[in-house]
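Inspection log for the structure reproduced underneath, given as structure tokens.
All ligand and atom numbering here is 1-based and tracks the order in the structure. When a residue number appears, it is its place in the shown sequence, counting from 1.
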Amino acid sequence: MAGYGMIKVETRGKVGLITLDRPAALNALCDQLMTELGQALRAFDTEAAVGAIVLTGSEKAFAAGADIKEMKDRTYPAVHFEDFIGNKWETVLTIKKPVIAAVAGFALGGGCELAMMCDIIIAAETAKFGQPEIRLGIIPGAGGSQRLIRAVGKSKAMDMILTGRMMDAAEAERSNLVTRVVPAESLVEEALKMGEAIAAFSQPSVAMAKEAVNAAHELSLKEGVRLERRLFHSLFATEDQKEGMSAFAEKRKPAFRNA
Ligand SMILES: CCCCCCCCCCCCC[C@H](O)CC(=O)SCCNC(=O)CCNC(=O)[C@H](O)C(C)(C)COP(=O)(O)OP(=O)(O)OC[C@H]1O[C@@H](n2cnc3c(N)ncnc32)[C@H](O)[C@@H]1OP(=O)(O)O
């Protein structure tokens, strides 16, 4: 793929597909990979023809975490004053279009955190999630302690973070960490189908639906409802709201123009 060394980037229909491609290190998230990932995410976010993004890895690993070898000699002043992670590793949180994580194999540490930063996680039967940082003498550093509890509840989050154990796909689905579990061989196809279904809708409404749902993690119920109401009202200024409701009344398929 043009310009990328550790990821593969393709457009499949209306879906941007990004594949982490550092197999020798089980897609360990090093600075170069994260820089490339951020560039690819931002590119798809501004590409009008793309309505959703799928992020996946290999059969063996979505990502086995941040690159331990790259981190092992770093010092407190260096990581603190550079704001390691915060300075450029949270690009996925700035993307307006839905990002679907298609996870097979290991999603550990930063790999699990990256998946949880995405909007939807669809897992293969082979997926194994974990925040094993405690085994390395550290703790999750990219939101894992904050997002995992919101996904699976305190006891399970504390269990995983304090013991460093992994959670298989079945437990991840039971715990609502993932939306669905599919056979490994159909993971990317299922994620792309989900992306195509989302990309068929009006991009303004999709972006605002994503914003409203994600805001629930940050706001009180009252403030969240207030934001949702503002976003709901604003969509009545779009051509797509007129087209969507007229199409229903006229018993025909809407032709959204993302306007
Ligand atoms: C840009 C927008 C997106 C922004 C998103 C931000 C995402 C967050 C990124 C930063 C996160 C920082 C904070 C984070 O919380 C900290 C961490 O992630 S610490 C790391 C946590 N992960 C682990 O501890 C797992 C380590 N790996 C293992 O335990 C095992 O490899 C395994 C996964 C159980 C698999 O075991 P095996 O099958 O036996 O395979 P090997 O162990 O032999 O591994 C093969 C090969 O890969 C290398 N490797 C594996 N994991 C890592 C790693 N995390 N870092 C570096 N290298 C890794 C391993 O060394 C082998 O290489 P070789 O020895 O053959 O050269």
Notebook entry, point to check: Would Glu10 and Arg12 pass as an ion pair if we require N to O under 4.0 Å?
Noted result: yes
* Asked: With no hydrogens and no angle check, is any side-chain donor or acceptor of Glu70 less than 3.5 Å from a backbone partner on Cys30?
  -> no
Atoms of ligand 1 under 4.0 Å from any heavy atom of Glu113, numbered from 1 in the order shown, are 11 (C), 13 (C), 14 (C), 15 (O)
min-distance protein heavy atom vs atom 63 (P) of ligand 1 -> Lys69 NZ, 3.7 Å
| said: Polar contacts were defined as any N/O atom of the residue lying under 3.5 Å from an N/O atom of the ligand; does this apply to Gly38 and ligand 1? | reply: no
Please determine if Glu239 and Lys242 form a salt bridge, counting it only when a charged side-chain N lies under 4.0 Å from a carboxylate O. no
Counting heavy atoms under 4.0 Å, the part of Leu136 that contacts ligand 1 is side chain
message: In the complex you have, is atom 65 (O) of ligand 1 within reach of the protein, judged by whether a heavy-atom distance drops under 4.0 Å?
response: no
Review point. Quick check: does Glu133 get an N/O under 3.5 Å from an N/O on ligand 1?
Key: yes
Going by the 4.0 angstrom heavy-atom rule, the piece of Thr91 near ligand 1 is both
side-chain contact (heavy atoms from CB on, under 4.5 Å) filter on Ala170, not counting sequence neighbours, yields Asp168, Arg174
Ranked by distance from atom 33 (C) of ligand 1, the top protein heavy atom is Leu108 CD1, 3.6 Å
Checking heavy atoms under 4.0 Å, the part of Gln131 that sits near ligand 1 is neither
Here the atoms of ligand 1 under 4.0 Å from any heavy atom belonging to Ala24 are 46 (C), 47 (O), 62 (O)
### Message
Does any N or O of ligand 1 fall below 3.5 Å from an N or O anywhere on Lys60, backbone included?
### Response
yes
What is the ring orientation for His80 with Tyr76, classed by angle as parallel under 30°, tilted 30 to 60°, or perpendicular over 60°?
parallel
So the atoms of ligand 1 within less than 4.0 Å of a heavy atom of Pro140 turn out to be 15 (O)
Honestly, for Ala28 the part within reach of ligand 1 (heavy atoms, under 4.0 Å) is side chain
For atom 36 (O) of ligand 1, decide whether some protein heavy-atom distance is shorter than 4.0 Å.
no
**Prompt:** Is there any N or O on Leu37 that sits under 3.5 Å from an N or O of ligand 1?
**Reply:** no
In this structure, CG of Asp21 is separated from CG of Asn27 (nearest 0.5 Å) by 7.0 Å
Please set out all donor-acceptor pairs under 3.5 angstrom arising from side-chain atoms of residues 102-117, sequence neighbours excluded.
from: Glu113; atom 1: OE1; to: Gly110; atom 2: N; distance (Å): 3.4
from: Glu113; atom 1: OE2; to: Gly141; atom 2: N; distance (Å): 3.3
from: Glu113; atom 1: OE2; to: Ala142; atom 2: N; distance (Å): 2.8
from: Glu113; atom 1: OE2; to: Gly143; atom 2: N; distance (Å): 3.4
from: Glu113; atom 1: OE2; to: Gly144; atom 2: N; distance (Å): 2.9

### Message
Looking at ligand 1, would Gly164 count as a contact under a 4.0 Å heavy-atom criterion?
### Response
no
| task | Look at ligand 1 and say whether Pro132 reaches it with a heavy atom at a distance under 4.0 Å. | result | yes
In this structure, atom 55 (N) of ligand 1 is nearest to the protein heavy atom Ile68 N, 2.9 Å
Logged contact type for Arg135 with ligand 1, heavy-atom cut-off 4.0 Å, is neither
Sub-3.5 Å N/O-N/O distance, Gly141 and ligand 1 = yes
